[in-house]
Amino acid sequence: MEKTYQVRRLNAVKHGILSKEAVLPHESKEEFEDLLVQYEADFAPANATENTLVEELASIVWRNKRLLKAENAKINNGLANALNLSQRLLNSSVPLSLHIEDERIEAREFLKLSAEELEEKRKEMESEEQKRQLAAEILSQGGRNCTKRASECLGDFLFNLWYSDEYAQHDRYGLPVFLSGKAKTAVEQTLAVINHVSEIKEQALGNAINQVNFDSFARYEAHLDRKYERTLGMLIKLKSLSGNVPQAS
């Protein structure tokens, strides 16, 4: 079997008249030759004309694969565009429920996480909310060094958020405002995104697909299908006339 494959592969290289046109410089000539070998095995071409028709069938299939890659590339470009408009994507995913206002929340940072990582992130934010509430309670009770004790309760997420805000007052007057405002909003909105990742993914894909003009792809695909049918018909007719119709294996 291995020897037969090698012979057919050498034949594919030898008779590959169309491969120079079918395979683009950045594509794999070896993959095309492997595809051609499979078609030669199916149709067993007996002469130059049959060889050409078999290679034509392989080249049509090759172009169909390229078309699929081009379609995927278009959708990927659309996804990139959708993710670059993070807030619009987030707020259109679940209408009238998310209302994400924090520009620091990037959709792509959550969409790339696995289910396990998302669960870890959820637990982290739930812990941050508990710490926020504890800090607010310490402040409400007052007492000596209450601001220091409250700030020490905060998790890394909220603590870094507090000190990254250049307009915040990092004292006993600014911390309560932060805890009831930006801190509360940041935790709530982050949890909202985590809880709706599946909807956000669907919206991102929908936005991406909506940007692709599939009519041109469909027309080219229909052209390739018709060409394949005609070529296959010609090959079967030619082999029937010569009595060399391949038997089903």
Side-chain angles (χ1 to χ4, degrees), residues 1-86 89 107-108 111-112 114 198 200-240 244-249:
M1 176 64 72
E2 180 66 25
K3 184 177 180 180
T4 302
Y5 172 82
Q6 293 296 340
V7 170
R8 283 177 172 155
R9 199 173 194 284
L10 288 173
N11 286 338
V13 176
K14 180 180 179 181
H15 299 295
I17 300 171
L18 297 178
S19 63
K20 293 180 180 179
E21 302 297 331
V23 183
L24 298 177
H26 66 281
E27 294 178 326
S28 171
K29 186 176 181 181
E30 289 74 19
E31 287 184 19
F32 178 80
E33 289 168 357
D34 287 341
L35 176 64
L36 182 53
V37 166
Q38 294 174 35
Y39 270 80
E40 287 184 339
D42 286 342
F43 292 100
N47 52 53
T49 303
E50 291 182 6
N51 270 320
T52 300
L53 290 174
V54 167
E55 189 174 358
E56 178 66 18
L57 289 176
S59 70
I60 294 169
V61 173
W62 185 259
R63 287 180 170 89
N64 254 317
K65 290 183 176 182
R66 183 188 298 149
L67 179 63
L68 180 59
K69 292 176 182 177
E71 184 179 294
N72 289 340
K74 277 284 189 180
I75 294 175
N76 286 338
N77 284 338
L79 279 171
N81 292 334
L83 291 173
N84 286 336
L85 301 172
S86 185
L89 170 62
R108 68 177 75 242
L111 299 187
K112 70 181 182 181
S114 65
S198 60
I200 295 168
K201 284 182 178 179
E202 290 177 3
Q203 185 69 32
L205 182 58
N207 288 356
I209 291 175
N210 193 45
Q211 296 179 40
V212 179
N213 180 7
F214 286 101
D215 289 343
S216 58
F217 288 105
R219 287 194 297 271
Y220 186 50
E221 185 176 24
H223 163 71
L224 290 176
D225 288 344
R226 289 192 298 269
K227 191 174 182 180
Y228 188 92
E229 289 175 4
R230 289 197 303 269
T231 305
L232 180 60
M234 291 170 60
L235 178 60
I236 291 176
K237 183 176 181 180
L238 183 61
K239 295 189 77 64
S240 177
N244 292 322
V245 179
Q247 301 295 319
S249 55

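For A82, the side chain to side chain contact (heavy atoms under 4.5 Å, CB included) criterion is met by N207, not counting sequence neighbours. Take K227 and apply the side chain to side chain contact (heavy atoms under 4.5 Å, CB included) test, not counting sequence neighbours, and it matches E56, I60, H223, R230, T231. Partners of L67 according to the side chain to side chain contact (heavy atoms under 4.5 Å, CB included) rule, which considers only residues two or more places apart in sequence or in another chain, are N64, F217, Y220, E221. Qualifying side chain to side chain contact (heavy atoms under 4.5 Å, CB included) partners for S28, counting only residues two or more places apart in sequence or in other chains: E30, E31. With sequence neighbours excluded, the residues satisfying salt bridge (charged side-chain N to carboxylate O under 4.0 Å, His left out) with R66 are E27.
A distance of 11.0 Å separates CG in L205 from CG in L111, rounded to the nearest 0.5 Å. Here the CG atom belonging to L232 is positioned 8.5 Å from the OH atom belonging to Y39, to the nearest 0.5 angstrom. Atoms CG and CD, on L57 and E229 in that order, are 11.5 Å from each other to the nearest 0.5 Å. With rounding to the nearest 0.5 angstrom, the CD atom of E40 is 10.5 Å from the CG atom of L35. Taken from CD in E50 to CG in L238, the straight-line distance is 5.0 Å, to the nearest 0.5 Å.
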Under the side chain to side chain contact (heavy atoms under 4.5 Å, CB included) rule, what do N51 and E55 come out as? Steps first, then yes or no, please.
CA-CA 6 Å; N51 270 320; E55 189 174 358; over 6 Å; no

Give the intermediate values and the outcome of side chain to side chain contact (heavy atoms under 4.5 Å, CB included) for residues Y228 and V61.
CA-CA 8 Å; Y228 188 92; V61 173; 3.7 Å; yes

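Residue pairs meeting the side-chain hydrogen bond (donor to acceptor under 3.5 Å, both in side chains) criterion with at least one member in residues 68-84, sequence neighbours excluded: N81-Q211, N84-R108.
G78 and A208 make their closest contact through C-CB, 3.4 Å (heavy atoms, listed as atom of the first residue, atom of the second, distance). For L79 against A204, the heavy-atom pair with the smallest separation is CD2-O, 3.5 Å.
The main-chain N or O of F43 is found under 3.5 Å from a side-chain atom of K239 such that the two form a donor-acceptor pair.
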